[in-house]
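In what follows, a single structure is set out as structure tokens and then discussed.
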2 protein chains.
Amino acid sequence: MKNIKPRLIRLFKEGYCTPQISKIAKEIKEPSTTIHYNIKKLEEEGAIRTYKAVFDYKKIDEGFCVYLFIKLTAKAGAYPDRIVGELAKYEKVESADLLAGEWDMILKVRTEDQDEFYDLLKSILAREGIEKTTSLISLRQVKTEFVLL
Amino acid sequence: MKNIKPRLIRLFKEGYCTPQISKIAKEIKEPSTTIHYNIKKLEEEGAIRTYKAVFDYKKIDEGFCVYLFIKLTAKAGAYPDRIVGELAKYEKVESADLLAGEWDMILKVRTEDQDEFYDLLKSILAREGIEKTTSLISLRQVKTEFVLL
DNA sequence: TTCAATATTTGAATTTTATTCAGATAGGCA
DNA sequence: TGCCTATCTGAATAAAATTCAAATATTGAA
């Protein structure tokens with residue numbers, strides 16, 4: 001047994017997929033070469049970043065989903081880009097945004113369970129520049145990445 | 001000019017993509033038929049929901065991104081599933097979750113600009129069962145859908 | 001432990017699909 | 001109008017996915 005599954009999941013989270021030109025051509029009733037031309041143009045413009053899979057996250061041990069708000073210290077808050085860039089690199093962070101107002105950033109985080117989330121939270125709190133955080137636990141994920149679950 | 005672009009974007013938001021089996025096989029150094037078998041299994045298990053594109057949303061007129069918190073009235077709050085299900089269907093809603101605590105749900109919304117967001121907000125507020133909302137505007141999107149921007 | 005049922009892996013053959021390319025058409029602009 | 005560029009498209013080619021049958025590995029019950 002080669003344990004291919006986790007390796008597939010890792011690759012599919014960010015890419016290793018491609019458009020189905022012939023299906024699209026059938027759907028919108030245009031020649032496949034026309035579809036091909038238009039897709040390449042979108043890719044060259046940079047409008048399309050990548051093609052990836054969307055998972056039923058409960059089935060890949062990432063069913064625990066939290067919105068994590070972070071407030072930076074006055075010093076770190078002057079240059080939030082570096083910190084948010086580092087936190088965004090965490091594998092379990094689905095999205096990361098800088099905000100205006102009481103909280104400096106919001107992370108959407110997926111872990112297997114509460115324990116794994118707590119480990120992640122501790123590693124974030126241990127960093128320089130974090131003043132405080134608050135966590136909103138998702139009770140039910142109804143839509144994600146534009147896909148209804 | 002056939003204006004293919006918006007139709008492609010609509011299809012790519014939820015699907016019309018497929019895995020690149022040969023690229024994956026090369027990457028993880030296994031035969032492509034083995035990769036094929038394992039992917040089909042993930043699909044049959046329901047672990048993979050779909051394959052889709054991730055956009056540079058600024059380049060497809062969806063650069064304005066807001067986290068919208070919603071509190072339901074006492075009456076509607078007893079059965080939040082119906083309302084969140086309806087709101088999740090909005091094309092401009094990227095994600096929708098039910099929460100515990102002060103707010104009953106959080107939507108991640110993408111519009112072209114503030115004006116379009118305000119129109120969407122008005123149409124949400126006009127619904128039965130919405131008690132109050134608050135909006136957190138993303139100043140900078142660093143990561144989305146597990147993809148660094 | 002044995003062994004039979006089931007799951008996984010794999011190469012070869014086939015089918016499907018993407019890609020290339022050259023010519024046609026349409027659109028933008030001076 | 002006429003020229004330049006962008007878009008569209010069919011035919012030919014190249015690349016990739018899929019099927020299938022056989023080999024190997026794993027699981028679970030006796």
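All values derive from a computational prediction rather than experimental measurement. Each chain gets a letter, A, B and so on, in the order the sequences are listed, and its residues count up from 1.
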With clusters defined by side-chain heavy atoms of hydrophobic residues (ILVMFWY) lying less than 4.5 Å apart, directly or transitively, does [Y] cluster with [X]?
| X | Y | value |
| --- | --- | --- |
| Val93(A) | Val147(B) | no |
| Ile106(A) | Ile130(A) | no |
| Val142(A) | Ile70(B) | yes |

Which residues in residues 36-43 of chain B have a heavy atom closer than 4.0 Å to any atom of DNA chain C? Tyr37(B), Asn38(B), Lys41(B)

Ion pair check, [X] and [Y], cut-off under 4.0 Å:
| X | Y | result |
| --- | --- | --- |
| Arg7(A) | Glu30(B) | yes |
| Lys59(B) | Glu45(A) | no |
| Glu145(A) | Arg49(B) | no |
| Glu94(A) | Lys108(B) | no |
| Glu27(A) | Lys23(A) | no |
| Glu43(A) | Lys40(A) | yes |

Along DNA chain D, first and last positions that approach a heavy atom of chain A under 4.0 Å: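 For DNA chain D, the relevant span reads dA6(D) to dT26(D).
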
Of Val66(A), Thr111(A), Leu68(A), which meets side chain to side chain contact (heavy atoms under 4.5 Å, CB included) against Leu121(A)?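 When side chain to side chain contact (heavy atoms under 4.5 Å, CB included) is applied between Leu121(A) and each of Val66(A), Thr111(A), Leu68(A), only Leu68(A) qualifies.
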
Between Lys143(A) (side chain only) and Tyr90(B) (backbone N and O only), is there a donor and an acceptor less than 3.5 Å apart?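 Indeed, once roles are kept as given, a pair shorter than 3.5 Å links the two residues.
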
When you measure from every atom of DNA chain D, which of residues 22-34 of chain A have a heavy atom less than 4.0 Å away? Glu30(A), Pro31(A), Thr33(A), Thr34(A)

Tell me, which of residues 5-19 of chain B have any heavy atom that sits under 4.0 Å from an atom in DNA chain D?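 Per residue number, the list reads Pro19(B).
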
Residue met sooner reading DNA chain D from 5', once Lys2(B) and Met1(A) are mapped to nucleotides: Lys2(B)

In terms of the nearest nucleotide of DNA chain D, which residue is placed more toward the 5' end: Gln20(B) or Asn3(B)?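 First, find each residue's nearest nucleotide; the 5'-ward one identifies Asn3(B).
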
Count the heavy atoms of every other residue, nucleotide or ligand shown that sit under 6.0 Å from CD of Glu131(A), and state whether that count exceeds 12. yes

What are the 5'-most and 3'-most nucleotides of DNA chain C lying under 4.0 Å from any heavy atom of chain B?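 So the outermost contacting nucleotides come out as dA7(C) to dG27(C).
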
Hey, mind stepping through Phe69(B) and Leu99(B) against side chain to side chain contact (heavy atoms under 4.5 Å, CB included) and telling me if it holds? CA-CA 10 Å; Phe69(B) 291 86; Leu99(B) 301 174; 4.1 Å; yes

Tell me the bend of the helix from dT1(C)-dA30(D) to dA30(C)-dT1(D) as the angle between end helix axes, each from five pairs, rounded to the nearest 10 degrees.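 Nearest ten degrees gives 50° for this helix.
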
Drop me the distance from Phe146(A)'s CZ to Thr50(B)'s OG1, to the nearest 0.5 angstrom.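 The OG1 atom of Thr50(B) is 13.5 Å from CZ of Phe146(A), to the nearest 0.5 Å.
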
Arg140(B) and salt bridge (Lys or Arg N to Asp or Glu O under 4.0 Å): which single residue from Asp104(A), Asp97(A), Asp81(A) fits?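 When Asp104(A), Asp97(A), Asp81(A) are each tested with Arg140(B), the salt bridge (Lys or Arg N to Asp or Glu O under 4.0 Å) holds only for Asp81(A).
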
Determine, stepwise, if the pair Leu120(A) / Ile124(A) fulfils side chain to side chain contact (heavy atoms under 4.5 Å, CB included). CA-CA 6 Å; Leu120(A) 177 64; Ile124(A) 289 175; 4.3 Å; yes

For Thr144(B) and Tyr57(B), does a side-chain donor sit closer than 3.5 Å to a side-chain acceptor?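 Side-chain D/A pair, Thr144(B) to Tyr57(B): absent.
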
In terms of ring plane angle, is the pair Phe12(A) and Phe55(A) parallel, tilted or perpendicular, where the classes change at 30° and 60°? tilted

Taking the nucleotide of DNA chain C with the closest heavy atom to each, which residue, Ile21(A) or Ile4(A), is nearer the 5' end?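 Result: Ile4(A).
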
